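Quantities reported herein were computed from a predicted structural model and do not represent experimental measurements.
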Amino acid sequence: MVSALILVLVGIASGITTALFGFGGGFVAVPVLVWADGYLGDDAARVAVATSSVLMVVGAAVATSATPRPVLAELRGSGRLVALLAIGGAAGAVAARHVPGDVIAIGFVVYLVATIASVTVRPGFLDAQADGARPLPAATGLPIGAVASFLGVGGSVVTVPMMRRNGHRMAVATALANPLTLAVALPATGVFLLLSGGRPPGAAAGFAGAVDVRAAVALLIGSLPVIVYLRRRGPRLSDAAHARWYVGLLVVVTVAMTAALFS
């Protein structure tokens, strides 16, 4: 009961970050899932990534459906990008199946640290660009999808900094991150459900392949109502404040994941 309540509360936090910052299902949930399924040992990280992909599909789909159509219209002509995101998502999920869980967990932390350094040191993220918004190059879809699904960080952790440097306001970049994340998470989830090799040894009831269904349900109970509400009536942040909060959350999740690894 205590674990379920914690997961619901984390789901609420995940809903807030999904609605306001474009990430949540994987980014926020992975450290908590590593903790919740820690009794599985080395399989805990694999289960966390697999379960987070389910959360990303549902959360990103709900957030996308609640996004204003004029914002989504900025993705017109991005069919090749979306297709390559999907291919990369499937490839990353297959790769995650064949490496030790510790590699995924450590890679998650290393990637976040590198991202924090990039968005704070390099120009173009914290400071607004004035030369107009440009679409993401289609060729970036394959590496974005592969990294996002392999590490379970969610496509938004990769796409938001890239879109920001391409001139998008934070409100638009975080909103568009949800449909792009959906393109990554759908095939990745299919791989985890169909090719995960069955339930991890010693797993309790409530698993579908490597996906912890009960944990996913608890997280979604907390997150979905929050996503719907905030996408429609969320607070209005200045562009600079939005960017700073984004970086702050990257730091918080990095610390949480590091603590989960050494607990």
Exercise. Considering all heavy atoms of both residues, which atom of Val226 and which atom of Gly15 are nearest to each other, and what is their separation?
Worked result: CG1-C, 3.8 Å
Exercise. Which one of Val191, Val184, Ile144 satisfies the side chain to side chain contact (heavy atoms under 4.5 Å, CB included) criterion with Ser149?
Worked result: Val184
For this session: Could you label the plane-to-plane angle of the Phe21 and Tyr246 rings as parallel, tilted or perpendicular, counting under 30° as parallel and over 60° as perpendicular?
Result: tilted
For this session: Would you kindly confirm whether Leu250 and Phe108 end up in one hydrophobic cluster when ILVMFWY residues are joined by side chain heavy atoms under 4.5 Å apart?
Result: yes
For this session: With the side chain counted from C-beta on, respond yes when Leu182 and Leu186 share a heavy-atom pair under 4.5 Å apart, and no when they do not.
Result: yes
Problem set entry | Considering all heavy atoms, the nearest Arg214-Ala204 contact | NH2-CB, 4.0 Å
Exercise. Between Asp239 and Arg164, does at least one N-O distance fall below 4.0 Å, as a salt bridge requires?
Worked result: yes
Exercise. Do Trp245 and Leu112 belong together in a cluster built from hydrophobic side chains that touch within less than 4.5 Å?
Worked result: yes
Exercise. What pair of heavy atoms forms the shortest contact from Gly38 to Ala44, and how long is it?
Worked result: CA-CB, 4.2 Å
Exercise. Rounded to the nearest 0.5 Å, what separation is found between the CD1 atom of Ile106 and the CG atom of Leu151?
Worked result: 11.5 Å
Problem set entry | Candidate pair Leu176 and Leu75, rule side-chain contact (heavy atoms from CB on, under 4.5 Å), full reasoning | CA-CA 8 Å; Leu176 294 182; Leu75 288 178; 3.8 Å; yes
Seminar exercise, completed: Closest heavy-atom pair, Ala215 versus Leu33, reported as atoms and distance to 0.1 Å, is CB-CD2, 3.7 Å
Problem set entry | For the student: nearest non-hydrogen atoms of Thr67 and Ala63, plus distance | OG1-O, 2.8 Å
For this session: Output all residues satisfying side chain to side chain contact (heavy atoms under 4.5 Å, CB included) with Ser65, sequence neighbours left out; order by chain, then residue number.
Result: none
Problem set entry | Beyond-backbone contact of Asn166 with Pro137, side-chain heavy atoms, under 4.5 angstrom | yes
Exercise. Where do Val10 and Leu219 land on the side-chain contact (heavy atoms from CB on, under 4.5 Å) test, with the steps shown first?
Worked result: CA-CA 7 Å; Val10 171; Leu219 288 162; 3.8 Å; yes
Exercise. How far does NE2 of His242 sit from CG of Leu126, to the nearest 0.5 angstrom?
Worked result: 12.5 Å
For this session: Using the rule that two of Ile, Leu, Val, Met, Phe, Trp, Tyr join whenever any of their side-chain heavy atoms come within less than 4.5 Å, decide whether Leu84 and Val94 are in one cluster.
Result: no
Problem set entry | Distance in Å, Ile12 CD1 paired with Leu7 CG, rounded so as to fall on 0.5 Å steps | 11.5 Å
Exercise. Tell me, do Thr140 and Val158 make a side-chain contact under 4.5 Å, heavy atoms counted?
Worked result: no
For this session: Please collect all side chain to side chain donor-acceptor pair (under 3.5 Å) contacts where either partner lies in residues 177-193, sequence neighbours excluded, each pair once.
Result: Ser53-Thr189
For this session: Any chance you could pull the hydrophobic cluster mates of Val47, using side-chain heavy atoms under 4.5 angstrom and chaining through other members?
Result: Tyr39, Leu40, Phe207
Exercise. Linking I/L/V/M/F/W/Y whenever any side-chain heavy atoms sit under 4.5 Å apart, do Val147 and Phe150 land together?
Worked result: yes
Problem set entry | Contact check, side chains of Met170 and Val160, non-hydrogen atoms, under 4.5 Å | yes
Exercise. What closest approach, in Å, do Leu72 and Pro179 show between heavy atoms, and which atom pair accounts for it?
Worked result: CD2-CG, 3.9 Å
For this session: State the CG-CD1 distance between Leu20 and Ile227, to the nearest 0.5 angstrom.
Result: 10.5 Å
Exercise. About how many Å separate NE2 of His168 and CD of Glu74, when rounded to the nearest 0.5 Å?
Worked result: 6.0 Å
Problem set entry | Gap between atom CG of Leu220 and atom OG of Ser14 - 0.5 Å precision | 8.0 Å
Exercise. Taking the side chain as C-beta and beyond, is there a heavy-atom pair between Val99 and Ile104 under 4.5 Å?
Worked result: yes
For this session: Using a 4.5 Å cut-off on heavy atoms from C-beta on, say whether the side chain of Leu136 contacts that of Ser78.
Result: no
Exercise. With hydrophobic residues grouped by side-chain heavy-atom distances under 4.5 Å, do Val252 and Ile116 end up in a single group?
Worked result: no
